[in-house]
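One structure is given here, and the rest of the page talks about it.
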Amino acid sequence: MGDGEMSFPQKVLQIANDIKTMKIRGAGKIARSAAEAMKEAALDYSGEADLVAFKKYMVNVAKLLVSTRPTAVSLPNAVIYVLKSLREATSFNEARNNVVTYADAFIRNSYEAVRRISEIGAKRIKEGSIVLTHCHSTTAVEVIARAYREGRVIKVYNTETRPFLQGRITFAHLRKYGVPVVQIPDSAVRYIMNEVDYVVVGADTVTSNGAVVNKIGTSQVALAAKESRVRVYVAAESYKFSPLTLVGELVKIEFRDPEEVVSREWLSKHPGVQVLNPVFDVTPPEYIDAIITEYGILPPQAAILILIDKLGWTLDSIKYSENILENLERIIE
Ligand code: RUB
């Protein structure tokens with residue numbers, strides 16, 4: 001964590017820590033929590049009532065939040081959305097109010113996007129279908145649950161999603177909606193695929209060429225689906241689209257602690273053993289049938305239109321492309 005950490009409000013440090021340790025997880029929730037942390041930071045600011053000092057403080061809060069997890073672009077997108085509100089401010093009070101207003105707007109819009117996606121996505125599923133999902137995506141679950149209510153989904157195969165077992169969260173979430181769920185190990189995906197009509201997953205990041213970065217194993221699921229001619233739908237709000245990929249930046253894949261994969265005891269019995277724990281992978285656009293956004297259903301190759309047409313990014317506007325963490329200041333210039 002960066003300089004001045006001690007001067008951040010406790011609530012902000014708590015949210016940053018909860019994202020880092022995955023108490024708060026899933027790209028949408030991470031984004032909404034980051035916006036909430038920006039708001040809390042503004043409300044609990046105890047420094048001098050000076051515009052320049054406040055802007056500097058908010059940039060440091062933004063850096064702290066963005067540094068917690070590297071892969072889901074929803075996190076910097078949420079933080080940047082709120083930071084941009086500082087550009088227009090001419091006084092400290094206006095700046096503080098802007099942060100609160102934009103953070104609230106981001107959170108509201110995010111929930112509304114998920115609702116729209118569930119509405120649009122459910123319509124794409126034919127009556128009486130069997131769906132397979134992987135990891136825990138709130139947006140994917142909302143699509144599936146709505147499709148279930150409309151008689152379109154009759155059963156869900158739900159992967160356990162090793163090593164972190166997010167499949168258990170998905171199980172509870174789907175059961176809350178009464179959806180019949182069958183838990184399967186990740187390794188059973190290809191075996192079960194001939195019973196499946198649709199794969200529905202979420203996204204952490206969508207690149208400008210329509211590749212989808214999501215929980216490790218998603219690309220294997222998509223591969224097995226393609227082989228069986230099963231449609232793959234990705235449910236992704238527009239703030240999961242990465243502007244930096246327009247200028248060729250690659251998405252950083254997070255690697256987490258080996259102890260999520262094997263126990264500490266096992267590790268100590270095998271000194272020097274290498275254990276890799278990549279937690280996301282990239283599914284190329286050829287393996288995706290459609291990306292469901294709040295703006296409608298897109299072929300993955302049209303992802304660039306969301307960035308340019310809907311979010312208004314231009315090559316010139318991506319000024320901070322080199323290193324987002326080091327250049328957050330430039331957003332408020
Ligand atoms: C979660 C994950 C989810 C996406 C989308 O990974 O890969 O599929 O974040 O989720 P982790 P949502 O558990 O490592 O955060 O639709 O809820 O944004």
Side-chain angles (χ1 to χ4, degrees), residues 15-36 65-66 68-78 106-107 109-118 120-122 131-146 156 158-174 176-177 186 199-207 211-222 232-242 251-257 260-261 277-283 288 291-294:
I15 291 175
N17 195 52
D18 286 352
I19 295 174
K20 204 171 188 147
T21 56
M22 286 176 64
K23 270 199 197 109
I24 295 172
R25 46 145 303 284
K29 208 168 187 184
I30 288 172
R32 288 186 291 274
S33 303
E36 184 66 35
L65 293 166
V66 170
T68 53
R69 287 193 78 187
T71 300
V73 75
S74 55
L75 172 57
N77 279 352
F106 181 88
I107 295 167
N109 295 342
S110 164
Y111 283 124
E112 176 55 17
V114 173
R115 196 197 59 74
R116 272 295 291 153
I117 290 170
S118 72
I120 298 168
V131 166
L132 184 144
T133 192
H134 181 62
C135 193
H136 174 248
S137 155
T138 300
T139 320
V141 166
E142 291 300 322
V143 170
I144 296 167
R146 188 169 180 124
V156 175
N158 178 36
T159 60
E160 61 178 348
T161 317
R162 279 194 56 78
F164 208 79
L165 302 176
Q166 285 93 333
R168 293 182 185 178
I169 308 170
T170 305
F171 175 81
H173 199 166
L174 286 168
K176 194 182 90 184
Y177 289 121
D186 302 333
V199 167
V200 181
V201 290
D204 287 85
T205 294
V206 180
T207 70
V212 168
V213 184
N214 192 49
K215 182 53 54 193
I216 192 78
T218 303
S219 66
Q220 282 178 186
V221 172
V232 175
Y233 290 154
V234 175
E237 307 89 289
S238 58
Y239 54 83
K240 309 225 175 118
F241 287 62
S242 166
V251 179
K252 189 167 179 210
I253 300 293
E254 178 181 11
F255 281 72
R256 293 184 69 86
D257 198 323
E260 289 179 1
V261 180
N277 185 16
V279 300
F280 297 102
D281 66 17
V282 183
T283 303
I288 298 160
I291 303 178
I292 307 160
T293 75
E294 69 271 32

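Just so you know, residue 1 is the first one in the sequence shown, and it goes up from there. We count ligands from 1, going down the list as the structure has it; atoms in each ligand are counted the same way.
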Sorted by chain and residue number, the residues having a heavy atom closer than 4.0 Å to an atom of ligand 1 are Met22, Arg25, Gly26, Ala27, Gly28, Arg69, Cys135, His136, Ser137, Thr138, Thr139, Gln166, Ala203, Asp204, Asn214, Lys215, Lys240, Phe280
With sequence neighbours left out, the residues meeting ring-ring contact (aromatic ring centres under 6.0 Å, His included) with Tyr239 are Phe106
Next item on the list: For Tyr111, look at atom OH and say whether over 12 heavy atoms of other residues, nucleotides or ligands are found less than 6.0 Å away.
Entry: no
Please tell me whether Thr71 and Asp204 have a donor and an acceptor in their side chains that are separated by less than 3.5 angstrom.
no
Output for pair (Thr283 OG1, Gln220 CD), nearest 0.5 Å, gives 10.0 Å
The salt bridge (charged side-chain N to carboxylate O under 4.0 Å, His left out) partners of Arg115 (sequence neighbours excluded) come to Glu112, Glu119
Salt bridge (charged side-chain N to carboxylate O under 4.0 Å, His left out) filter on Arg69, not counting sequence neighbours, yields Glu254
